[in-house]
Amino acid sequence: MEMVFRWFGEDNDHIPLSHIKQIPGVKGIVWALHHIPAGEKWTLHEIEKVKKSVESSGFNIDVVESVNVHEDIKLGRSTRDYYIENYKQTMKNLAEAGVKVICYNFMPVFDWIRTELFKELEDGSTALFYEKAKVEGIEPDELAQQILKEKSFTLPGWEPERLAKLSELFDAYQEVTEEMIWSHLKYFLDEIIPLAEQLDIRMAIHPDDPPWSVFGLPRIITNERNISRFLNLVDSPNNGLTLCSGSLGANGENDIPSMIHKFGPRIHFAHIRNLKRYDNGDFVETSHRTEDGSLDIYEIVKAYRKQGFTGYVRPDHGRHIWDETCRPGYGLYDRALGIMYIQGIWDSLVRMEKESQYAAIK
Ligand code: DNO
């Protein structure tokens, strides 16, 4: 596995690359041109600017998260071909700059959803929280207002241009069923995967977060069966996954280690994080440690090790600790702790394998 760290750019992140450099084991920066609205091309010139600053700090730019898909593509509108052409041009430019993996998602309207960004935990830290009853009893624009009342940060997936069109988008999705989303996704994949093969780019869809329908919007990348269906829509190694343990793990029926074994070589990018599920359907994000949440992070890392996983991995959201002022989920400290926990498990597994081989020889 190759450890990478998400970073929002020089003008957009409070964490300098020099601090990321001090986290042991991090090889690459997961980046994006966050200022470019979904649907517009990423020019080589803009890409090269990030490449220069990231590479001069000693990191690779192999993984992009995300090149967002324009809503017209998800809605299957007649204008989708225009946006797909732009997407392809972005893929070509990214390949030219040396990018290997593109993470994206196919969630209608919203990317991830939470009801509180700084929910206090028992230890005094704060973390992202999802309250089921609240989502069921609130209008989406009201939730967006509440979530964004702190203007000191921008949130990936909650970009202003997306939120400005909220009611128009909800109207547009009224008639869109899950099966229609499947067919729009297939149309998109039929266009981009052959190009990804030519460019040697691995496309990695991110699961829906949380993995169920919210506000009546159809969501499909939610469980093992649907992920198998997704991979068969275009059966190519370049049509792969970002396997996000925390997104899928919000549903207790999703068995993450079993998915890792099942989808093995089609997982190009691993997001590892923990969360604590409550019986009433709420969940809160926790430290990465197995004991702190509902997911068995040890078993997850072990499954990757057993698969011989050589892809990219990043710690996912962390808590906000030690009074750090940061974008929700993306502080330095707890993600760095998460990295050390993941690497601690991985390194122990490697050592145990070596020791048992050695014992067998003796
Ligand atoms: C939130 C992230 C998501 C993710 C996208 C991938 O913190 O996990 O915004 O980047 O869904 O396309």
Side-chain angles (χ1 to χ4, degrees), residues 4-9 12-13 15 29-34 36-39 42 63-71 73-74 87 90-91 94 99 101-118 127-130 144 147-148 153-160 162-163 185 188-189 192 201-212 214 217 219-222 227 230 239-250 256 267-275 283-285 288 312-320 326-332 334-335 338:
V4 290
F5 193 85
R6 193 174 195 190
W7 179 71
F8 291 89
N12 206 11
D13 203 310
I15 307 170
I29 290 297
V30 177
W31 62 283
L33 297 181
H34 291 280
I36 300 191
W42 295 15
V63 186
V64 165
E65 177 178 351
S66 312
V67 181
N68 284 327
V69 177
H70 194 274
E71 285 314 313
I73 299 176
K74 298 181 218 165
Y87 205 95
T90 296
M91 288 169 67
L94 288 171
V99 166
V101 169
I102 298 178
C103 168
Y104 68 103
N105 71 76
F106 216 76
M107 289 176 245
V109 189
F110 294 112
D111 191 320
W112 53 276
I113 291 182
R114 299 289 184 275
T115 53
E116 257 180 87
L117 303 177
F118 298 100
L128 295 154
F129 177 62
Y130 181 93
I147 293 248
L148 295 177
F153 50 76
T154 53
L155 286 174
W158 292 74
E159 297 81 5
R162 204 191 288 244
L163 299 177
L185 178 54
F188 177 60
L189 295 175
I192 62 159
I201 288 250
R202 278 163 280 157
M203 297 301 298
I205 200 167
H206 188 286
D208 300 355
D209 180 4
W212 52 74
V214 268
L217 295 166
R219 289 183 150 211
I220 56 176
I221 309 298
T222 51
I227 292 175
F230 164 78
N239 179 32
L241 306 172
T242 297
L243 198 96
C244 177
S245 68
S247 301
L248 291 164
I256 314 295
I267 303 172
H268 302 317
F269 187 21
H271 284 182
I272 300 185
R273 73 175 154 89
N274 209 342
L275 56 83
F283 63 86
V284 70
E285 300 188 358
H288 285 69
Y312 302 92
V313 59
R314 74 166 177 84
D316 207 349
H317 307 161
R319 300 162 301 147
H320 321 109
C326 58
R327 174 181 278 106
Y330 289 99
L332 171 65
D334 203 38
R335 285 189 295 158

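Predicted model only: the values in this text are computed from it and were never measured. Every number for a ligand or one of its atoms is a count from 1 in the order of the listing.
- Residues Phe8 and Ile15 fail the side-chain proximity criterion, which asks for heavy atoms closer than 4.5 Å.
- Residue contact annotation: Cys103 has a non-hydrogen atom under 4.0 Å from ligand 1.
- Listed by number with element, the atoms of ligand 1 under 4.0 Å from a non-hydrogen atom of Glu65 are 4 (C), 10 (O).
- Interface atoms of ligand 1 facing Tyr104, defined by a heavy-atom separation under 4.0 Å, are 12 (O).
- No side-chain donor from either of His206 and Glu65 sits under 3.5 Å from a side-chain acceptor of the other.
- Short contacts between ligand 1 and Met107, defined as distances under 4.0 Å to a heavy atom of the residue, involve ligand atoms 11 (O).
- In summary, the atoms of ligand 1 found under 4.0 Å from a heavy atom of Ser66, numbered by their order in the structure, are 5 (C), 6 (C), 10 (O), 12 (O).
- Pairing each heavy atom of Thr222 with each of Leu248, the nearest pair is O-CD2, 3.5 Å.
- Considering all non-hydrogen atoms of both residues, Arg219 and Asp111 come closest at NH2-O, 2.8 Å.
- Under 4.0 angstrom from ligand 1, the non-hydrogen atoms of Asn105 come from both its backbone and its side chain.
- Judged purely by atom type and a 3.5 angstrom limit, Thr242 uses its side chain to pair as donor or acceptor with the backbone of Ala204.
- Looking at Tyr330 against ligand 1, only its side chain comes within 4.0 Å, counting heavy atoms.
- Taking the six-membered ring for Trp and the full ring otherwise, Tyr130 and Phe283 have centroids separated by under 6.0 Å.
- The shortest N/O to N/O separation between Asp316 and ligand 1 does not fall below 3.5 Å.
- Ligand 1 has an N or O atom lying under 3.5 Å from an N or O atom of His317, backbone or side chain.
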